[in-house]
Enquirer: 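Please see the structure below; I have some questions.
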Amino acid sequence: MNKIEAIIKPFKLDDVKEALHSLGVQGMTVTEVKGFGRQKGHKEIYRGAEYLVDFLPKIKVEVVVKTSLVNQVIEKIIAAARTGSIGDGKIFVTPVETVVRIRTGERDEDAL
Amino acid sequence: MNKIEAIIKPFKLDDVKEALHSLGVQGMTVTEVKGFGRQKGHKEIYRGAEYLVDFLPKIKVEVVVKTSLVNQVIEKIIAAARTGSIGDGKIFVTPVETVVRIRTGERDEDAL
Amino acid sequence: MNKIEAIIKPFKLDDVKEALHSLGVQGMTVTEVKGFGRQKGHKEIYRGAEYLVDFLPKIKVEVVVKTSLVNQVIEKIIAAARTGSIGDGKIFVTPVETVVRIRTGERDEDAL
Amino acid sequence: MNAADTAFVMISAALVLLMTPGLAIFYGGLTRPKNVLSTMMHSFFLMGLASIIWLIYGYSLAFGPDVGGFVGNLAHFMGHGVGTEVKEGLTIPHCVFFAFQGMFVIITPALISGAFAERMRFGPFIIFTALWITFVYAPVCHWIWGGGWLAKLGILDFAGGLVVHLNCGVAALVAALVVGKRKGYGHRSFIPHNLTLTLLGIGLLWFGWFGFNAGSRLAADGVAGNAFIVTHMAAATGSLTWVFAEWILRGKPTTLGLASGAVAGLGSITPACGYVGLEASLVIGGIAGVICYMAVLAKDKLGYDDSLDVVGIHGVGGVWGTFCTGLFASKLINADGGNGLFFGDAHQLLVQIIGILAVLIYSAVITAVLLYAIKAVSGLRVTAEEEELGVDTSAHGEVGYNL
Amino acid sequence: MNAADTAFVMISAALVLLMTPGLAIFYGGLTRPKNVLSTMMHSFFLMGLASIIWLIYGYSLAFGPDVGGFVGNLAHFMGHGVGTEVKEGLTIPHCVFFAFQGMFVIITPALISGAFAERMRFGPFIIFTALWITFVYAPVCHWIWGGGWLAKLGILDFAGGLVVHLNCGVAALVAALVVGKRKGYGHRSFIPHNLTLTLLGIGLLWFGWFGFNAGSRLAADGVAGNAFIVTHMAAATGSLTWVFAEWILRGKPTTLGLASGAVAGLGSITPACGYVGLEASLVIGGIAGVICYMAVLAKDKLGYDDSLDVVGIHGVGGVWGTFCTGLFASKLINADGGNGLFFGDAHQLLVQIIGILAVLIYSAVITAVLLYAIKAVSGLRVTAEEEELGVDTSAHGEVGYNL
Amino acid sequence: MNAADTAFVMISAALVLLMTPGLAIFYGGLTRPKNVLSTMMHSFFLMGLASIIWLIYGYSLAFGPDVGGFVGNLAHFMGHGVGTEVKEGLTIPHCVFFAFQGMFVIITPALISGAFAERMRFGPFIIFTALWITFVYAPVCHWIWGGGWLAKLGILDFAGGLVVHLNCGVAALVAALVVGKRKGYGHRSFIPHNLTLTLLGIGLLWFGWFGFNAGSRLAADGVAGNAFIVTHMAAATGSLTWVFAEWILRGKPTTLGLASGAVAGLGSITPACGYVGLEASLVIGGIAGVICYMAVLAKDKLGYDDSLDVVGIHGVGGVWGTFCTGLFASKLINADGGNGLFFGDAHQLLVQIIGILAVLIYSAVITAVLLYAIKAVSGLRVTAEEEELGVDTSAHGEVGYNL
Ligand SMILES: Nc1ncnc2c1ncn2[C@@H]1O[C@H](COP(=O)(O)OP(=O)(O)O)[C@@H](O)[C@H]1O
Ligand SMILES: Nc1ncnc2c1ncn2[C@@H]1O[C@H](COP(=O)(O)OP(=O)(O)O)[C@@H](O)[C@H]1O
Ligand SMILES: Nc1ncnc2c1ncn2[C@@H]1O[C@H](COP(=O)(O)OP(=O)(O)O)[C@@H](O)[C@H]1O
């Protein structure tokens, strides 16, 4: 199994959710994060002081799937999250050794 | 070493913390996340508009332990976080190659 | 490739960002988390009731780099985030199998 | 008609109205974020509900022609006779008096709602407060301010120590007991979610309380001025003594302690403010800050879950202030008032104690009857699941924050 | 000079001023967090801009000596002749009258800004509101309150059902249409980000509205008292009926519904409050709560994006209240007023309808002309990217929250 | 006794009281979230502390029978002689005058607290403000309003340009220097955590300022009306000029700039409002918005850490307004006042300058003495660790938000 972590633009969350849903993915976990990257930040001004804010709001979507699904999931996420402008984000794939569903104690693919 | 990531219901955090503590786990890191899964969401109504909110508040507990402890930790988390109703959450186990304690530079199991 | 996850004290974020930047790291993702560890918490008092708050605000910095950079990144983070007092935090290194840049579809090291 | 008095009472009525939103955010800040709206809804809904009841029959029950010293008759049904002409015995239009008093009938049940915040069902809440206004607020108000039996005995309650504070505090105690504890009470933590709201709330309450207390004179004169300044001083002293008490006992002076002490001082001075002088206000407010704090600490031992401490603060403050009125009242301050024990009239103290006991017992009994009846018919609490999810979402389909 | 009236109108003016910050947080709470400041800025900026225009020439256009029934002349340019002496026909200093009226010119365009929140550029916003005050607010105010043609016809608009509410509601409709929908409107969700702000906002609005309505009497007397209490009752009824309507239709009573219903009731009673009695206020407010709710529901079908429902609430409420004034007005309440249809004078209703149509058409046409002109010259909207990033950051270089 | 004046001053006193909670949230919104409560606590605690000092001896030092032009004696110790009878020379009860003035002694030290927010220890804060009220506020107030030497010279300070604004601004500068910079000042970012609070705060301040300025007339007459409207206009102009200045210099008009400019305008008009007309108010407020902005920009160069810009806004605004009073004051506006330079009396300007220098020097010296003394005895700052953790938690055991 693998965990696919996608860092996306916040307003793309609904599209990504739909896309994953359409693949039959039943669950995902979402975190508000701040991203630093090539996309330039913006200036903020408070009375005298100017600050360059280079951490931008992003959403991290985490979804654990069986390994055979990984490529499909990646394709779907790209299709849904892409705007073509800088800062669209990244996808990271990492290995997952075990999955457990807390309610039932089911393990691994049954638990997804 | 492994990282154990448990997505749980928010009000179960204290119980899970106690459970891990009783196992001798000395540290953990907690994030507020939103989960999408089998557990159904709820309707929200704002003037004219109705929205189905299907992202529910969840807590992600991350704890890195030596591999020999993994199963015990899983058992304890299940025992503490289970209510038996849908949405109790998941546990994901992933490999960790290196751990460093920033304060001392200690590495791996010494750093836990 | 590897993901380096550093749990640090919140006010060290800017220093860590600078440090990584100086290494040529182009991106990172930051999350507000709460940490439980050896660092003791504080007491809060609300009318009659006293609570021991043992989850402290921390920042999680996640950065994915090619494996050859991992040790340098760790050194830099330690140098930037260390205060020497308890609670400075931890660094966890995990394997990353695939990286994709959503905007371009580039993969792996090209995508970083 | 006196235009100055009319202007003063209208503005005072507006100030008292503002206390209810002030209370709503004071209370709202103290709950968990998933219940902030439902808690505020209790107060805001009463701005509608209590006002309509007041217009239809509440005012008449409270201030209509006396029936046996117990309640008014329905002569003012639907605002009949409440017009622009001067009300007998006053210098202001009848409709202005009606409006001013109509603000008190909102905040009193709103105060009670702090006792069952975070778990009460909304429907039963509506039924309960409508009945409580009818069967508790209106008669008690009549007894004291509407020419009823306590008024005839000579009770002194300038702005509502009995009518408002003791009354709501007792009802709150009963409600906390009948509705039962919040899930997890005693082992989970119930930490205020937004103290900036609560502090802004005490700011608005303190501000509005000038209308509540000085406005109760119904005229812009020296007695109103006295009520104004002793109100301020009692709030000041109460806030300080609570803070110092907890600094000594718990090691930290807190902002919530300050806000709570101010309310304790304000509630306690309420019955007394038109009758007592500056020194008395320091004693009343200062001791209120300490005993209300003790009462709140005692709650944990007594084991009922009065979510937002209505009993410890308003109930105890109401008793204390009403009692002190029987000690410190002086005709030198207000010739229309009375003399307390320290000014030579032990009888006044006796009357005050009778008043306290009467309101305490009456409010407790009727509140209990109403709540048990509603509980039997429809239940009072949200389900365990709804409570876990939060009442905002489960009952109102909204959430407070999407930051 | 009457000191009581002077005191009353000064305090009332302060209350009306407070309504604009109240509106700002009411509106601010309803947007997404990335636009909270830009939305509040609209209101706060008008506290400056509209006041200065008022001083330079706005007051003179509205209340200066009549020119053809349409507008005032520039006799009061730069506050000329607006001093401490009593204004003719009143009992208060001219400068106090100027100040009181000067608060209305702030909140009226501030209300409009709810229609184009979250996407309007700040520069064009300034130009638009400056022109709108000049070419719409000032003349309409003159027609009705400054001795213009509608005043001569005998129109009844006690505190601004036409001048303020219908006027801003119509302009809001035009603005929503010309500026266009927010990006993603219809498929993304636009959920209020902080309803505690919105609830506090309605609290401040309700409070300030007493100054708005009762203060419009410009004297502390029985008519002011009547305006005070019917304002309160209409707010109460409107809040309840909206909540019950949505409880029936959608299954949940919401806090936002309560706040919206209160505004609907308040807006509707505004033209009527100095002329109608308590029963009428229940009808006006109660029905307002329902029809404004229906109007808001209809918006989705009609398909324009009036972000914060200015049209459904103020526009519809303004029409409804002005119409009802022609039904329920009675000289028994206010001898200086008129009798509505139900008190025997069908002509009054006709005048009210003429007033509604005149303001509706005039405001719609001029607002459209102004907006299209500005659109042609400089555009009205932020860029798509700026909208995505949030107007707070892109236009003002600030963010609302760093929690 | 005049009931209208009494009503007006009571309500004005309530408005001034509300300014302190308004200031608390204004300031609170500007700090980092870990210090919001401790910052608000400074203001709220003073609502208690300053009031009690005022009652015990502060009022007497300020307004008691004159001792050598410098301070009052203790004739009014513990409110002695402050009763319901009319105060000599006025038309309102003595206790109402006492109450009104008692609100100013709260907000003045509360304003100072903005200079050392986020790092001051709470104990030393209490000691410092208690001593500052005693040794700075009370005498300076006596000099100017209590019949002291500046009053005898004929100084014009209608509502506190010297007593309140310059006084607190100078003390703030000294405090910022003695307490020292916040950890990380200059390289970390200090960004407001909740500008919705700050905007609501300026709304409440602007509202309350009508009581502060117009109420200072102590009567509801034309002069009060003039004070009311020029206050409003100066706030309006100040808010606009600050916004336009930063729009030009930094490319963006900000909401915080608007709020800051409004305070600059309000602070500057304060000494002048009872003496100057509408045109002068535009000049005073409009230039205040620009020079206070420049003063805030200069801070970065001068290198002291006045956390919330008390010096740049209140200090500079206080000097500017007091000076302008010496230019624009006119007996045509207020026969009890004086004529400024532009109305033919150069002497008045001289007196104003003497007043500025006297208060500036006196306040600076005594504030420095007090702070160094406390620093020597107990220290002023929290520890570095406490500062890092946040003063809310370390000093008060609370956190602002648990969302
Ligand atoms: N090496 C990295 N490790 C972790 N997160 C990264 C890394 N590089 C980029 N990110 C995340 O991806 C987001 C988008 O990256 P950015 O460089 O701005 O644009 P793009 O995705 O178009 O290359 C960043 O805001 C950050 O959250
Ligand atoms: N495939 C997945 N990947 C990541 N997180 C998941 C996945 N499936 C479920 N989750 C997380 O677990 C939570 C609970 O899952 P859900 O399907 O609602 O119930 P249950 O745990 O009882 O099966 C979800 O809210 C989500 O946060
Ligand atoms: N085993 C662990 N798994 C995950 N996170 C941990 C673990 N141990 C510590 N942490 C994180 O590291 C932070 C610092 O740890 P702590 O024990 O307080 O101090 P130190 O880093 O100096 O050993 C904790 O607050 C927590 O967020």
Side-chain angles (χ1 to χ4, degrees), chain B residues 1-8 10-34 57-67 70 73 76-77 80 92-112, chain C residues 1-10 12 15-16 19 29-41 51-62 65 67 69-97:
Chain B
M1 291 154 303
N2 286 92
K3 186 206 273 187
I4 295 155
E5 242 178 271
I7 317 286
I8 60 172
F11 68 93
K12 282 296 192 181
L13 175 59
D14 278 337
D15 295 340
V16 169
K17 186 191 75 181
E18 304 285 298
L20 291 175
H21 212 54
S22 74
L23 256 189
V25 169
Q26 302 254 13
M28 70 195 78
T29 301
V30 162
T31 316
E32 289 179 13
V33 297
K34 294 200 180 275
K58 300 278 171 189
I59 291 280
K60 185 206 279 187
V61 178
E62 287 170 294
V63 50
V64 176
V65 293
K66 55 184 179 209
T67 305
V70 167
V73 167
K76 280 284 185 182
I77 292 177
F92 304 127
V93 182
T94 53
V96 172
E97 295 175 359
T98 313
V99 176
V100 185
R101 187 193 308 278
I102 291 173
R103 173 163 48 96
T104 56
E106 286 163 293
R107 292 235 166 187
D108 298 343
E109 302 202 354
D110 292 343
L112 287 174
Chain C
M1 292 155 302
N2 286 92
K3 186 205 273 185
I4 296 157
E5 241 178 272
I7 318 286
I8 60 171
K9 290 188 170 164
K12 283 295 192 181
D15 295 340
V16 169
T29 301
V30 162
T31 315
E32 289 179 12
V33 298
K34 295 201 179 274
F36 175 87
R38 281 172 191 79
Q39 187 187 4
K40 74 172 192 333
Y51 299 99
L52 185 71
V53 176
D54 42 18
F55 284 105
L56 299 168
K58 299 278 171 190
I59 291 280
K60 185 206 279 187
V61 178
E62 288 169 293
V65 293
T67 304
L69 261 179
V70 167
N71 276 323
Q72 269 177 284
V73 167
I74 290 176
E75 293 315 314
K76 281 284 185 183
I77 293 177
I78 291 181
R82 209 175 156 272
T83 68
S85 67
I86 211 160
D88 275 351
K90 306 268 196 262
I91 299 171
F92 304 126
V93 183
T94 54
V96 171
E97 296 175 357

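On a predicted model such as this, the values are computed, not experimentally measured, just so you know. Letters A, B, ... mirror the listed sequences (proteins, then strands); counts begin at 1. Both backbone and side-chain heavy atoms feed into the values below; hydrogens, waters and symmetry mates do not.
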Enquirer: Any idea which heavy atoms bring B/V73 and B/L20 closest together, and the distance?
Expert: CG1-CD2, 3.7 Å

Enquirer: Ignoring hydrogens and geometry beyond distance, is a side-chain donor-acceptor pair present between C/Q39 and C/K9 at under 3.5 Å?
Expert: no

Enquirer: Taking B/E106, B/K17, B/K3 one by one, which has the highest count of heavy-atom pairs under 4.5 Å against chain C?
Expert: B/K17

Enquirer: Name the region of C/K58, side chain, backbone, both or neither, that has any atom closer than 4.5 Å to a heavy atom of chain B.
Expert: neither

Enquirer: If you look at every heavy atom in C/T94 and C/N2, which pair is closest and at what distance?
Expert: O-ND2, 3.1 Å

Enquirer: Just so I understand: if I count every heavy-atom pair under 4.5 Å between each of C/R38, C/K60, C/K34, C/E32 and chain B, which residue has the most?
Expert: C/R38

Enquirer: What option among C/S85, C/A6, C/A79 has the most heavy-atom pairs under 4.5 Å with chain B?
Expert: C/S85

Enquirer: Picking from C/L56, C/I8, C/D54, which has the most non-hydrogen pairs under 4.5 angstrom with chain B?
Expert: C/D54

Enquirer: Which answer fits B/V64, side chain, backbone, both or neither, if we ask what part of it has an atom under 4.5 Å from a heavy atom of chain C?
Expert: side chain

Enquirer: Check each atom of C/I4 against the heavy atoms of chain B and say whether the ones under 4.5 Å are side chain, backbone, both or neither.
Expert: neither

Enquirer: Quick check against the 3.5 Å criterion: does C/D88 have a side-chain atom that pairs as donor or acceptor with the backbone of C/T83?
Expert: yes

Enquirer: To the nearest 0.5 Å, how far apart are CE in B/M1 and NZ in B/K66?
Expert: 11.5 Å

Enquirer: Look at the rings of C/F36 and B/H21 and say which category their plane angle falls in: under 30° parallel, 30 to 60° tilted, over 60° perpendicular.
Expert: perpendicular

Enquirer: Where on B/L13 is there a heavy atom nearer than 4.5 Å to chain C: the side chain, the backbone, both, or neither?
Expert: side chain

Enquirer: Of all heavy-atom pairs between C/P10 and C/I59, which one has the smallest distance, and what is that distance?
Expert: CA-CG1, 3.6 Å

Enquirer: Heavy-atom distances under 4.5 Å only: say whether C/I7 touches chain B with side chain, backbone, both or neither.
Expert: both

Enquirer: Where does C/F55 contact chain B at under 4.5 Å (heavy atoms): side chain, backbone, both or neither?
Expert: side chain

Enquirer: Output the option from C/G89, C/G87, C/G35 having the highest count of non-hydrogen pairs under 4.5 Å with chain B.
Expert: C/G89

Enquirer: Taking C/G84's backbone N and O only, do any of them form a donor-acceptor pair with B/R103's side chain (distance below 3.5 Å, no angle check)?
Expert: no

